[in-house]
Number of protein chains: 2
Amino acid sequence: MRTVDAVTIVHDEQELFQRTKHLFMTATEIACAANDLWVWAWRHQPYDITALSDVQRRTDMRVRKIYRADVLLDPGASHELAKRRDEFGAQVRVSTEEINETIILDDRLVILAGDSRAGRRSYSVITQAGAVQGVTSLFEAAWRSATDLAVYDAKIAEIRRLAPQVLDLLGQGIKDEAAARALGLSVRTYRRRVAELMDALGAESRFQAGARARELGLV
Amino acid sequence: MRTVDAVTIVHDEQELFQRTKHLFMTATEIACAANDLWVWAWRHQPYDITALSDVQRRTDMRVRKIYRADVLLDPGASHELAKRRDEFGAQVRVSTEEINETIILDDRLVILAGDSRAGRRSYSVITQAGAVQGVTSLFEAAWRSATDLAVYDAKIAEIRRLAPQVLDLLGQGIKDEAAARALGLSVRTYRRRVAELMDALGAESRFQAGARARELGLV
DNA sequence: CCACGGATGGCAACAACCTGCCAGCGCCGA
DNA sequence: TCGGCGCTGGCAGGTTGTTGCCATCCGTGG
């Protein structure tokens, strides 16, 4: 495949689909970073990377996905991810870092998703070897520092159990001491839970936590 | 109109529309409380109280609307509201209090909107005279303590001008001192702006402010 | 020109939050 | 049974945030 530009910008998801589906069909190695459950969804139309590659029938394909930690705060997401991972024989890890949404095919092609907060999303398709290698090494670094889904899930189970109540109390503006009493915890432990929740949300302040929780529909 | 129950619960907005449109057609006094721009929208389908009443051609109708203050943080909303107010000869006020979304027709019928956060919204339609009078007096109290649109708008203009930058800094987790420097303000003044913004958002904590701002699409 | 009002900024008291440290306790595995 | 590990809760130091007070400055209107 020859392209004049180092980077091709695609504004339409359908077009991205058309341009790259043949590559997905033949790819043997797919790496993805997603910031929510449905980005590069396993079967979510229109862009289902696994439908494209028909991964269920091929055993020579290696699929790796990194999710952002806050996805796991959704009670159903954890189970769903584990199910898909097993169904497709994929590897799934979780990161508390913010990762740009990315797909890497066979270390040959990279798709970088642009910011979706500004309305219609654009995608950058890169095939230039040096750039692909650069992005790939960034992905590998993120992969290495991420935590296996099962391990992270075990750690976050208690946070997830409490999250609805903690978020509800925070959402009501209840001060930590009163909130702790409401949950039958000491204020130290309540503040530990809040700190863990903020970490899972990737938030550095309570304002950010509020915005992120609202964005995720948790509050 | 005779009804057996004191309160009729309606789950479908279309049904509510069908049941009450004849009353809107003949009403001479409409009072509304709305928590966002589009609730009981002037022309927003399917439930446009002014389309129903054809207020544009009738001069015997008195329309009063109270909006929640955070609506005015939307740069376009203020102008839009002023335009509609003039177009329909209505009175519009703004309140920083949380007001249940309500319509009162001729002090005879009350529609109370239920919580929309739990999926499909339900509406309570009340015609029992005592209850109608009770809700009406609550509305009157809210109306009296609310601020005229023009007056409130003048006050909030500076807040609205700064709001995008302040919210952006808060959203990035920037501490107050650094944020103040970024905006060329003293930390006292920056904190005044944050307090005013939180008041306009109806937030009692920064977590609430974050959630509310995200909900309004301001961050 | 002058007085008044409103906004700013500095200071400060207080409240709320953040996180480290450590003792105690309970559970689990050797 | 005992030791180790992890969690909780209390304490505390520090940071961040909240809001009142007051001096100063600037703009406006009489």
Side-chain angles (χ1 to χ4, degrees), chain A residues 69-70 96 147 150-163 165-214 219, chain B residues 69-70 96 147-148 150-163 165-214 218-219:
Chain A
D70 52 20
T96 55
T147 306
V151 173
Y152 188 82
D153 205 56
K155 280 165 64 183
I156 206 175
E158 174 67 6
I159 299 170
R160 188 166 50 228
R161 187 183 70 78
L162 271 180
Q165 295 147 279
V166 171
L167 288 168
D168 184 53
L169 289 160
L170 286 166
Q172 293 183 63
I174 310 290
K175 300 297 190 276
D176 288 2
E177 274 194 45
R181 282 200 298 277
L183 295 179
L185 302 170
S186 75
V187 71
R188 185 68 191 84
T189 299
Y190 175 78
R191 283 174 172 158
R192 271 203 191 91
R193 295 294 168 272
V194 171
E196 289 158 359
L197 194 51
M198 282 176 55
D199 192 53
L201 289 167
E204 287 165 359
S205 68
R206 289 202 182 188
F207 181 98
Q208 278 191 322
R212 182 61 63 83
R214 187 71 187 85
V219 78
Chain B
D70 52 21
T96 54
T147 306
D148 184 77
V151 172
Y152 189 81
D153 205 56
K155 281 165 63 181
I156 206 176
E158 175 66 6
I159 300 170
R160 188 166 50 230
R161 186 183 70 78
L162 271 181
Q165 295 145 281
V166 172
L167 289 168
D168 185 54
L169 289 160
L170 286 167
Q172 292 181 63
I174 311 287
K175 302 296 192 281
D176 287 1
E177 275 193 44
R181 283 199 296 278
L183 294 180
L185 301 170
S186 76
V187 71
R188 183 67 190 86
T189 299
Y190 174 78
R191 283 173 170 160
R192 270 204 191 92
R193 294 295 166 273
V194 172
E196 290 157 359
L197 194 52
M198 282 176 56
D199 193 52
L201 289 167
E204 288 167 357
S205 67
R206 288 201 183 188
F207 182 97
Q208 279 191 324
R212 183 61 65 82
R214 187 70 188 87
L218 297 171
V219 79

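Values reported hereafter were calculated over all heavy atoms of this structure, with side chains retained and with hydrogens, waters and symmetry mates removed. Please read these numbers as outputs of a predicted model, since none were measured by experiment. To find a chain, count down the sequence lines: A is the first, B the second, and so on, and within it residues start at 1.
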Item checked: Nucleotide-resolved protein contact map, nucleotides 12-23 of chain C, B/S/- at heavy-atom distance under 4.0 Å -> ----SBBBBB--

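Rounded to whole Å, the distance from CG on B:Leu183 to C1' on C:dT8 is 15 Å.
Residues that satisfy the salt bridge (charged side-chain N to carboxylate O under 4.0 Å, His left out) test with B:Arg192, not counting sequence neighbours, are absent from this structure. For A:Arg212, the salt bridge (charged side-chain N to carboxylate O under 4.0 Å, His left out) test picks out A:Asp70, A:Glu98, A:Glu215, with sequence neighbours left out. For A:Thr96, the side-chain hydrogen bond (donor to acceptor under 3.5 Å, both in side chains) test picks out no residue, with sequence neighbours left out. Residues meeting the side-chain hydrogen bond (donor to acceptor under 3.5 Å, both in side chains) test with B:Gln165, sequence neighbours left out: none.
Between chain A and DNA chain D, the heavy-atom contact criterion of under 4.0 Å yields a 5' to 3' nucleotide range of D:dT8 to D:dC11.
B:Leu169 is listed as a side-chain neighbour of B:Leu183, based on a closest heavy-atom distance under 4.5 Å.
When all heavy atoms of A:Ala209 and B:Phe207 are compared, the closest pair comes out as C-CE1, 3.8 Å. Considering all non-hydrogen atoms of both residues, A:Val219 and A:Leu167 come closest at CG2-O, 3.6 Å.
Expressed to the nearest 0.5 Å, how far CG of A:Asp176 lies from CZ of A:Arg181 amounts to 11.0 Å.
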